[in-house]
Amino acid sequence: MDLGAEHLKIPGSDERDFALKPLDFKVTGKESAEAQRPTWNNRMEFILASVGYAVGLGNIWRFPYLCYRSGGGAFLFPYLTMVLLCGLPLLFMEFSIGQYTRLGPVHALARICPLLKGVGLATVVISFVFCTYYNVLMSWALFYFFNSFEATLPWSSCNNTWNVVENCSSGFPGNTSHLQSASQQFFDQRLLEKTNGIEESGGVRWELFGYLILSWVIVYLCIFKGVKSTGKVVYFTAVFPYFILFALLINNVQLPGAKNGILYFVTPVWDKLFEVKVWVNAAAQVFNSIGIAFGSMISMASYNKFNNNILRDALIVTFTNCFTSILAGFVIFSAIGYMAHIHNLPVDNIATDGPGLVFVVYPEVLSTMPVHQLWAPLFFFMLLCLGLDSQFATAEVAITFIKDEFGPQVLRFLKREELLTLAVCIAGFALGIPHVTKGGIYVFQLMDHYTAVVSLMFLAFFEVAAVCWIFGVPRICLMITRMLGKTANIYFRVCWGLLSPVLVLCILIASIVQYTPAHYETYTYPKWAEGVGWGISLVSIVWIPIGAIHEICSNKGSFLQRVKTAMIPTLDLDADYALAEKQNIDNPAAENPMTSVA
């Protein structure tokens, strides 16, 4: 039974629970900050920005491979189960936090659970680290995009100066051969000029250096006005990839062998459902794809109007993300089936995951397609759009934090917010330079493994624990009631209180038990590089215990009393609600109130 706000009582709480006490993070002057905080021009901009962030390169290269490796069509059952029990509820939760508090993840989570206030700062750090190397993928996409306008695609033959002719196959040799395809050699020898390991940096790849500058310039021009400029750009970058995906699908299904590839993708292998790893993979894919614990969803929702229907938006984003993953699976495997047909190889001898799928296998497919001069540029432009949307959101997390924490001081120095955005982009570019050296692929793989695999699940668990268990489901429901006029139903309450935190904990435990050191193809990293990798993980994780220790030491009383005090939220729900209502009265035309959670 749904409870209205007036019937919602938090067990064991008193007036002190909602009292506003001083924070280490600067939240004074909140009324002034909120009054000046920009908002999306309309709900469509927020939806497209969220969809653009959630739908990224992982939908193209990760999901199809996981699906065929984990039971084909049978994988959809654990995948959709995890979407319903983990993905949708946690996305709705993050939207609620951002929209109600109108703060970025650092300040919002600090007010929700002072004991775990470090989680918010950790999400900012991991997002910024992520955006420093994710934009390298955009530089690769730009490199391929401009090279795809040549009359003969440069990765289609072995007659180039960068090819190792005695080891090159103009066809596709398959995963079991000692030969390399021309496409693989283009990636290794032309794009990367790859060295033998991370020990050999080999100097800067100046061509990629230039493309990295170009990719950051594009990012800056799209976000320098904040949500006002990003909101306009996402109309194109979030929608255009679907035109290309559907066009590629229509083209691919007409190619010989496409049917075999699709059947390989969707044919269920029911025995796989009894493997724990398949369920862990499904949960991890949902978690990483939607982008929980990166702080981006909280940050973007903080620019919403107070009464925006975030449940509707969460449903749209979740459904679109799932649909895109499945659509990409059909596009990729119809092309792989065609590739297997023309080279007389089994499908599983071609399929791979990661960057190799979109920068090696699919370019090889494109080179054999009719009218490749059309499809190749469109495909890489689609990759650019998919990546840029995700890049906008992760960069915006750092910018939002700086504005919320140091806004007046920074603006006194930089004068304009556009210069703050420029400074963040320059910092991100500088930290991305090691990735565009000749040994940069090894740096990239190391960063990706220890950021997206190791750190993320730690942050995710502590965020969910802080919000769902310490802050509590009743308070989450109260926020939703204030915003939408009706509390969350029993499905969300059960997921927040039990299922989602337990699932995240299981994923964390499984990732620890199944931990394997980073590697790239057959290359094994030296011990010192492994140490650097763990250092990268700690850069974000370390803020959780630091924040907890600082909060406990700042309180008074015995150790137990200090811990109890640190677990009391400082989010004044009544004061925040009164402020939002005042803003609605002062500017009623700016709001679009929703009376129910439909």
Side-chain angles (χ1 to χ4, degrees), residues 49 52-53 56-57 60-61 127-150 153-155 162 186-194 201-226 229-230 232-238 240-241 244 355 358-359 362-363 366 373 376-396 398-399 418-441 443-444 447-448:
Y53 168 67
L57 295 177
I60 305 297
W61 75 34
S127 289
F128 184 69
V129 170
F130 179 79
C131 80
T132 62
Y133 72 85
Y134 192 80
N135 223 25
V136 175
L137 294 173
M138 300 302 96
S139 68
W140 296 355
L142 285 168
F143 183 90
Y144 272 86
F145 174 72
F146 287 113
N147 277 275
S148 64
F149 286 102
E150 297 184 18
L153 294 176
W155 54 81
W162 59 80
F186 180 84
F187 181 72
D188 289 342
Q189 309 301 332
R190 177 69 180 93
L191 172 72
L192 302 175
E193 295 186 14
K194 187 176 70 171
S201 67
V204 175
R205 275 280 288 116
W206 292 108
E207 202 170 359
L208 286 181
F209 183 86
Y211 283 121
L212 184 62
I213 292 176
L214 178 58
S215 62
W216 273 108
V217 168
I218 294 171
V219 170
Y220 173 74
L221 292 176
C222 293
I223 68 173
F224 79 107
K225 287 289 187 182
S229 58
T230 306
K232 300 295 186 295
V233 174
V234 293
Y235 277 105
F236 178 78
T237 55
F240 178 77
I244 304 304
V358 294
F359 291 113
Y362 212 86
L366 291 169
Q373 297 90 343
L378 286 177
F379 177 77
F380 292 112
F381 189 67
M382 177 192 73
L383 292 185
L384 191 63
C385 291
L386 288 171
L388 284 175
D389 286 332
S390 299
Q391 187 70 0
F392 297 160
T394 51
E396 188 63 42
I399 295 167
E418 291 87 341
L419 294 179
L420 169 61
T421 303
L422 178 62
V424 171
C425 289
I426 290 174
F429 161 73
L431 292 173
I433 292 175
H435 301 283
V436 293
T437 60
K438 295 178 181 179
I441 185 64
V443 182
F444 176 89
M447 292 278 287
D448 187 54

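A pairwise comparison of heavy atoms in Ala141 and Leu383 identifies CB-CB, 4.5 Å as the closest pair. Nearest heavy-atom pair across Leu431 and Pro434 is O-CD, 3.4 Å. In terms of heavy atoms, Ser139 sits closest to Leu212 at CB-N, 3.7 Å. Across every non-hydrogen atom of Pro241 and Phe236, the tightest pair is CD-O, 4.2 Å. Listed here is the closest heavy atom pair of Val136 and His435: CG2-CB, 3.4 Å. Across every non-hydrogen atom of Tyr134 and Gly56, the tightest pair is OH-CA, 4.4 Å.
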**OP:** Give the intermediate values and the outcome of side chain to side chain contact (heavy atoms under 4.5 Å, CB included) for residues Arg205 and Phe143.
**Re:** CA-CA 12 Å; Arg205 275 280 288 116; Phe143 183 90; 4.1 Å; yes
**OP:** Take Leu386 and Thr237 through the test side chain to side chain contact (heavy atoms under 4.5 Å, CB included) and record every step on the way to the result.
**Re:** CA-CA 7 Å; Leu386 288 171; Thr237 55; over 6 Å; no
Original post:
Would Leu153 and Ser148 count as a side chain to side chain contact (heavy atoms under 4.5 Å, CB included) if you check the C-alpha gap in whole Å, the side-chain angles of each, and the deciding distance to 0.1 Å?
Top reply: CA-CA 6 Å; Leu153 294 176; Ser148 64; 4.2 Å; yes
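Atoms CG and CG, on Leu192 and Leu208 in that order, are 7.0 Å from each other to the nearest 0.5 Å. The structure places CG of Leu366 at 10.0 Å from CG of Leu378, a figure rounded to the nearest 0.5 Å. The line from CG of Asn135 to OG1 of Thr394 is 8.0 Å long, rounded to the nearest 0.5 Å. In this structure, Met447 CE and Tyr133 OH are separated by 7.0 Å, a value rounded to the nearest 0.5 Å. Atom NZ of Lys232 sits about 12.0 Å away from atom NZ of Lys225, to the nearest 0.5 Å. A distance of 11.5 Å separates CD1 in Ile218 from SG in Cys425, rounded to the nearest 0.5 Å.
With sequence neighbours excluded, the residues that form a side-chain hydrogen bond (donor to acceptor under 3.5 Å, both in side chains) with Glu193 are Lys438. In this structure Phe429 satisfies the ring-ring contact (aromatic ring centres under 6.0 Å, His included) test together with Phe209, sequence neighbours excluded. Listed by chain and number, the residues in a ring-ring contact (aromatic ring centres under 6.0 Å, His included) with Tyr362 are Phe379 (sequence neighbours excluded). Applying the ring-ring contact (aromatic ring centres under 6.0 Å, His included) criterion to Tyr220, with sequence neighbours excluded, gives Phe224. Residues satisfying the ring-ring contact (aromatic ring centres under 6.0 Å, His included) test with Trp140, not counting sequence neighbours, are Phe187, Phe359, Phe444.
Not one N or O on the side chain of Trp216 forms a donor-acceptor pair closer than 3.5 Å with the backbone of Ile426. Between the Ser390 side chain and the Tyr53 main chain, a donor and an acceptor come within less than 3.5 Å of each other. No side-chain donor-acceptor contact under 3.5 Å links Thr132 to the backbone of Gly428. In this structure, Gln391 contributes its side chain and Cys131 its backbone to a donor-acceptor pair below 3.5 Å.
Checking Asn147, Leu137, Leu214 one by one against Leu142, the side-chain contact (heavy atoms from CB on, under 4.5 Å) holds for a single residue, Leu214. For the side-chain contact (heavy atoms from CB on, under 4.5 Å) with Tyr144, the qualifying choice from Leu384, Val358, Leu191 is Leu191, the only one to do so.
In summary, the aromatic rings of Phe380 and Phe146 are positioned with their centroids too far apart to meet the 6.0 Å limit.
You'll find the side chain of Thr421 stays beyond 4.5 Å of the side chain of Glu418, heavy atoms only. At least one side-chain heavy atom of Glu207 sits less than 4.5 Å from a side-chain heavy atom of Tyr211.
Taking the six-membered ring for Trp and thresholds of 30 and 60 degrees, Phe186 and Trp162 have ring planes more than 60 degrees apart, a perpendicular arrangement.
Residue pairs satisfying the salt bridge (Lys or Arg N to Asp or Glu O under 4.0 Å) criterion with at least one member in residues 420-431, sequence neighbours excluded, are absent.
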